[in-house]
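Following: one structure in structure tokens, then a few remarks.
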Amino acid sequence: MSSFADFQNEIYLAGLGGAVPELPMTAAGLDERARAVLPPQAYAYVAGSASAERTAAANLAAFDRHRIVPRMWRGSSGPGARDLSVEVLGTRLAAPVLTAPIGVLELLHERGEIAVAEATRELGIGMVLSTAASTPIEEVGPAAGAWWYQLYWPNDDELAHSLVDRAGKAGATAIVVTADTPSMGWRPRDLELGHLPFLQGKGIVNYLSDPVFRAKLSADPESGEDARRAAVLTWVSLFGNHGLRPADIAKLREWTELPIAVKGIVHPDDARLLVEAGADAVVVSNHGGRQVDGAIGALDALPGIVAAIGDRAQVLFDSGIRTGSDVMVALALGARAVLYGRPWAYGLGIAGAAGVRHALRLLLADLDAAMGLSGQTRIAELDRSLLAPAP
């Protein structure tokens, strides 16, 4: 049974001795601290969204249109009364939370993905490892507990197959294909700094360590600056695939027996076509607002996609989660689990592994407490009866 809410007891007991938390206790606080301490390029890369950042704002505002209606005296608030565990795509999690795939974590901390892997393993939640990681797949897998691999499908199927194969051999239990980033959106924060980390050779280690990719190079990328620059340009030529269609799920199915989720879906017809093509799940997401300015808030898209898919596939949610109550709202609207992004990345940049763990514990403790105080003992109990429209 869940004990995530015990985090608040730890803090209050420490307070008796005069100690107060060194790290902020809210997602907004982590954002503010990260902005103060991180290099401008690192903060902008994580925080930035497309154009005027209206979609990022819409993701947060969408939660304000829903209100939780707590129930009382249902035996949910006592010690050990709640079970937050779920099974998603065959993966058992202690809570319905996975870390969203964020690339180039070397901008934030030298241990990057390893720190995230260790924190999620300790807490029993999931990790989604980005293709654009700063640590090779084979090093992250052994450090992680339950983890999935996020694929940016390149415009070379042999390379895509190799990346998927490596992930499976390293212990991934699902493949998450990102659909909404065949190219990068217009991101003014990065543009103002003239900063795209991939062009500096950052976040492309899984390409540089891939045998298919390396076979395309005329020289070892570690042999000198010219060779490394050539490798980066080869990456540029391969990133993104404008030709993908739902039917390509069948091709991916030939490469792996792992469950397949497609991330970046906000239209019911796209979700329906992907499930008909063989996807096991879709992740309702607008990439945290980083791709299309003025796009629909992800939470606003969730109910329609749940209705379109029915029980034929699982639906996950990403983009805008900041509190435990946010998680409850997304689950009540039909999501099986949520992906949680920027706040733990800020924690990583502020305090390394301890910062990741802190940020994740904030969300899990908040979720655990909110569940109990709303009269809910199990994740499966959450449905639309928990919600009322905001006035």
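Reckoned from all heavy atoms, side chains included, excluding hydrogens, waters and symmetry mates.
How far CE of Met328 is from CG of Leu333: 11.5 Å, rounded to the nearest 0.5 Å. Here the CG atom belonging to Leu151 is positioned 12.5 Å from the NZ atom belonging to Lys263, to the nearest 0.5 angstrom. Note that CG of Asn206 is 12.5 Å distant from CH2 of Trp235, once rounded to the nearest 0.5 Å. Rounding to the nearest 0.5 Å places NZ of Lys202 at 12.5 Å from CG of Leu105. We find the CZ-CG distance between Arg228 and Leu217 to be 11.0 Å, quoted to the nearest 0.5 Å. Interatomic distance, Thr181 OG1 to Phe239 CZ, rounded to the nearest 0.5 Å: 6.5 Å.
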Donor-acceptor pairs under 3.5 Å, side chain of residues 277-286 to any protein atom, not counting sequence neighbours: which ones?
unit_1 : atom_1 : unit_2 : atom_2 : d
Asp280 : OD2    : Arg253 : NH2    : 2.9
Asp280 : OD2    : Ile260 : N      : 2.8
Ser285 : OG     : His287 : N      : 3.0
Ser285 : OG     : Asp318 : OD2    : 2.5
Ser285 : OG     : Ser319 : OG     : 3.2
Asn286 : OD1    : Asn59  : ND2    : 2.9
Asn286 : OD1    : Gly288 : N      : 3.4
Asn286 : OD1    : Gly289 : N      : 3.0
Asn286 : OD1    : Ser319 : OG     : 3.4
Asn286 : ND2    : Asn59  : OD1    : 2.7
Asn286 : ND2    : Ile296 : O      : 3.0

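Annotation: salt bridge (charged side-chain N to carboxylate O under 4.0 Å, His left out) contacts involving residues 130-151, sequence neighbours excluded, comprise Glu138-Arg166. Screening residues 367-387 for ring pair (Phe, Tyr, Trp, His ring centres under 6.0 Å) gives no qualifying pairs among residues at least two apart or on separate chains. Applying the ring pair (Phe, Tyr, Trp, His ring centres under 6.0 Å) definition to pairs two or more places apart or across chains, none involves residues 369-391. Contacts classified as salt bridge (charged side-chain N to carboxylate O under 4.0 Å, His left out) and involving residues 22-51 (residues at least two apart or in different chains) are not found. Listed by first then second residue, pairs satisfying ring pair (Phe, Tyr, Trp, His ring centres under 6.0 Å) with a partner in residues 35-60 read Tyr43-Tyr346, not counting sequence neighbours. Each ring pair (Phe, Tyr, Trp, His ring centres under 6.0 Å) pair with one or both residues in residues 352-391, not counting sequence neighbours, appears once here: Phe7-His358.
With Arg378 contributing its side chain and Arg82 its backbone, the two residues share no donor-acceptor pair below 3.5 Å. No donor-acceptor distance shorter than 3.5 angstrom exists from the side chain of Gln376 to the backbone of Ser76, with no hydrogens or angles considered. Between the side chain of Thr178 and the backbone N or O of Asp180 there is no donor-acceptor pair closer than 3.5 Å. Looking only at distances, a side-chain donor or acceptor of Gln291 sits under 3.5 Å from a matching main-chain atom of Ser183. Looking only at distances, a side-chain donor or acceptor of Asp326 sits under 3.5 Å from a matching main-chain atom of Arg322. Looking at Asn155, its side chain does come within 3.5 Å of a backbone N or O of Ser237 through a donor-acceptor pair.
Of all non-hydrogen atoms in Phe317 and Ala335, the two that sit nearest each other are CB-CB, 3.9 Å. In plain terms, the two heavy atoms of Val205 and Ser134 that are nearest each other are CG1-C, 3.4 Å. Nearest heavy-atom pair across Arg74 and Gly375 is NE-O, 2.8 Å. The two residues Met127 and Thr99 make their nearest non-hydrogen contact at CA-OG1, 3.3 Å. Here the closest non-hydrogen pair linking Phe4 and Leu364 is CB-O, 3.6 Å. Here the shortest heavy-atom pairing between Leu363 and Gly324 reads CD1-N, 3.8 Å.
Side chain to side chain, Ser162 and Glu158 fail the donor-acceptor criterion of an N or O pair below 3.5 Å. Side-chain atoms of Ser49 and Arg187 include no donor-acceptor pair closer than 3.5 Å. Of the N and O atoms on the side chains of Trp148 and Thr91, at least one donor lies less than 3.5 Å from an acceptor on the other residue. Checking Tyr149 against Thr131 by side-chain atom types alone, a donor-acceptor pair falls below 3.5 Å.
Residue Trp73 shares its hydrophobic cluster (ILVMFWY side chains chained together at separations under 4.5 Å) with Met72. The hydrophobic cluster around Leu16 extends to Leu13, counting ILVMFWY residues whose side-chain heavy atoms fall within less than 4.5 Å of a member. Applying the 4.5 Å side-chain rule to ILVMFWY residues, one finds Trp186 in the same cluster as Leu191. Counting Ile, Leu, Val, Met, Phe, Trp and Tyr side chains that sit under 4.5 Å apart, directly or through other members, Leu373 stands alone, with no cluster partners.
Here the side chains of Leu387 and Val329 are in contact, with some heavy-atom distance below 4.5 Å. No side-chain heavy atom of Pro389 sits under 4.5 Å from any side-chain heavy atom of Arg67. Put simply, the side chain of Glu53 reaches to within 4.5 Å of the side chain of Arg189, judged on heavy atoms. Contact annotation: the side chain of Ile11 approaches that of Met25 to within less than 4.5 Å [non-hydrogen atoms, C-beta and beyond]. Under the 4.5 Å side-chain criterion, counting only non-hydrogen atoms from C-beta, Leu331 is not in contact with Arg336. Contact check for Arg342 versus Leu30: no side-chain heavy atoms found under the 4.5 Å cut-off. Two residues are said to be in side-chain contact when any heavy atoms from C-beta on lie closer than 4.5 Å; Asp368 and Ser3 fail this criterion. When side chains are defined from C-beta on, Pro96 does not count as touching Val88, because their heavy atoms never get closer than 4.5 Å.
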Chi angles and distances behind the side-chain contact (heavy atoms from CB on, under 4.5 Å) call for Arg272, Arg312: CA-CA 9 Å; Arg272 189 180 299 110; Arg312 293 178 296 156; 3.8 Å; yes
Derivation and outcome, salt bridge (Lys or Arg N to Asp or Glu O under 4.0 Å), residues Asp293 and Arg54: CA-CA 6 Å; Asp293 188 42; Arg54 292 176 295 178; 3.0 Å; yes
Residue pair Arg71, Ser374: steps toward the side chain to side chain donor-acceptor pair (under 3.5 Å) verdict: CA-CA 5 Å; Arg71 299 291 304 278; Ser374 298; over 6 Å; no
Full working for salt bridge (Lys or Arg N to Asp or Glu O under 4.0 Å) between Glu118 and Arg111: CA-CA 10 Å; Glu118 292 173 349; Arg111 296 189 71 238; 2.8 Å; yes
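Remark: Arg361 engages Glu10 in a salt bridge, criterion side-chain N to carboxylate O under 4.0 Å. Between Asp248 and Lys251 there is a salt bridge, since at least one side-chain N of the basic residue sits less than 4.0 Å from a carboxylate O of the acidic one.
Both Phe198 and Ile137 belong to a common hydrophobic cluster when Ile, Leu, Val, Met, Phe, Trp and Tyr are linked at side-chain heavy-atom distances under 4.5 angstrom.
Residues meeting the side chain to side chain donor-acceptor pair (under 3.5 Å) test with Arg121, sequence neighbours left out: none.
Each of Asp210, Asp156, Thr234 was compared with Lys216 under the side-chain hydrogen bond (donor to acceptor under 3.5 Å, both in side chains) criterion, and only Asp156 meets it.
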